[in-house]
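Inspection log for the structure reproduced underneath, given as C-alpha cells.
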Amino acid sequence: MKTVLIGIQGAGKSTQGNLLSEKLKIPYLSTGHIFRELAKEKTSLGRYIKEVMNAGYLIPDKKTVEIVDEYLKRPEYKGGYIMDGFPRTVTQADFFKDGADRVIYLRVSDEEALKRLTFRNGSGEQVRADETPAAVAKRIESFHKFTKPVLEYYRKREMLVEIDGEKSIDEIHQDILESLQK
Ligand code: AMP
C-alpha cells in the first residue's frame with residue numbers, strides 16, 4: 001500500500017505516519033527528515049538545502065524529485081510505504097503518477113498549526129532551526145500556494161481522504177485506519 005500524508009507543518013503528519021507505520025508494518029518515509037539529514041552534510045548540496053529549509057522555502061522540484069526517486073529504488077520500499085511530506089507541488093504530483101494509492105489530508109487550521117508549533121518550541125524541546133516564526137509563516141504561505149492545488153489534484157482523481165486533524169492523536173489514528181479500509 002502506497003499512502004501519502006499531506007498537511008500543513010504542525011498537522012501531526014510524522015506522529016500519525018509513525019503510528020500507522022508501526023500498526024501496518026509498512027515503512028515510513030519523510031522528505032522533511034531526508035532533507036534535514038542532508039542539511040547536516042558539509043557539502044555544497046548540504047549547505048544549499050540547509051539555507052532553503054531554514055528560510056521556510058520548498059526545495060526546488062527537480063532536486064526533490066531526484067532525491068525521492070533515489071530513495072524509492074531501495075528494496076525496503078518495494079512493497080509500499082507511508083510517505084510524509086511529498087508531493088507538495090503539482091509538478092511533484094505529476095512526477096509521482098504511480099506513487100500513491102491513497103492520499104490522506106490531515107486538516108488543521110493555520111491557527112491550530114501555529115499554536116502547536118509554538119507549544120512544541122516553547123516546551124523546553126530544542127527549537128528546530130527550520131521552525132523559527134518567520135520560517136513557519138513562510139511555510140504556511142507555501143502550503144496554501146503550492147500544496148492546496150495538490151489536494152485538488154488528488155480530489156479530482158478520487159484518491160483524497162480528508163481527516164480532521166484537530167482531534168486527539170488516538171482518534172485521528174483510528175479515523176485514518178478506518179479510511180484505509182474503505
Ligand atoms: P517537513 O518536515 O515535512 O515540514 O519538511 C521540512 C522542510 O523540508 C520543508 O519546509 C521544505 O523546505 C523541505 N521539504 C520537505 N518535503 C519537501 C517537498 N516535497 N518539496 C520541497 N521541499 C520539501
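In listed order, ligands and their atoms are each counted from 1. Hydrogens, waters and symmetry mates play no part in the numbers below; they use all other heavy atoms, side chains included.
Counting only non-hydrogen atoms, the option in M83, M53, R88 that gets closest to atom 4 (O) of ligand 1 is R88. Of all the listed residues (H33, R36, Q9), R36 holds the heavy atom that lies closest to atom 2 (O) of ligand 1.
Between G56 and ligand 1, no pair of N/O atoms sits closer than 3.5 Å. Of the N or O atoms in F86, none lie within a sub-3.5 Å distance of an N or O in ligand 1. Taking only nitrogen or oxygen atoms, main chain and side chain alike, D84 does not reach within less than 3.5 Å of ligand 1.
Contacts between T64 and ligand 1, counted as non-hydrogen atom pairs separated by less than 4.0 Å, involve the side chain only.
With sequence neighbours left out, S142 forms a side chain to side chain donor-acceptor pair (under 3.5 Å) with no residue at all.
Atoms of ligand 1 found under 4.0 Å from any heavy atom of Q92 (numbered from 1 in listed order, with element): 18 (C), 19 (N), 20 (N), 21 (C). For ligand 1, the atoms sitting less than 4.0 Å from at least one non-hydrogen atom of Y57 are 11 (C), 12 (O), numbered in the order shown with element in parentheses. Ligand 1 places these atoms under 4.0 Å from at least one heavy atom of G85: 16 (N), 17 (C), 18 (C), 19 (N).
Side-chain contact check for E171 and S168: at least one donor-acceptor pair (N or O, by modelled atom type) lies under 3.5 Å.
At least one cation-pi condition fails for R139 and F143: the charged atom is not both under 6.0 angstrom from the six-membered ring centre and inside a 45 degree cone around its axis.
Between the N18 side chain and the S14 main chain, a donor and an acceptor come within less than 3.5 Å of each other.
Between T64 and R88, the closest side-chain pair of non-hydrogen atoms is not below 4.5 Å.
In plain terms, the two heavy atoms of A93 and Y154 that are nearest each other are CB-OH, 3.8 Å.
Here salt bridge (charged side-chain N to carboxylate O under 4.0 Å, His left out) pairs that include residues 102-111, with residues two or more places apart or in two chains, are R107-E162.
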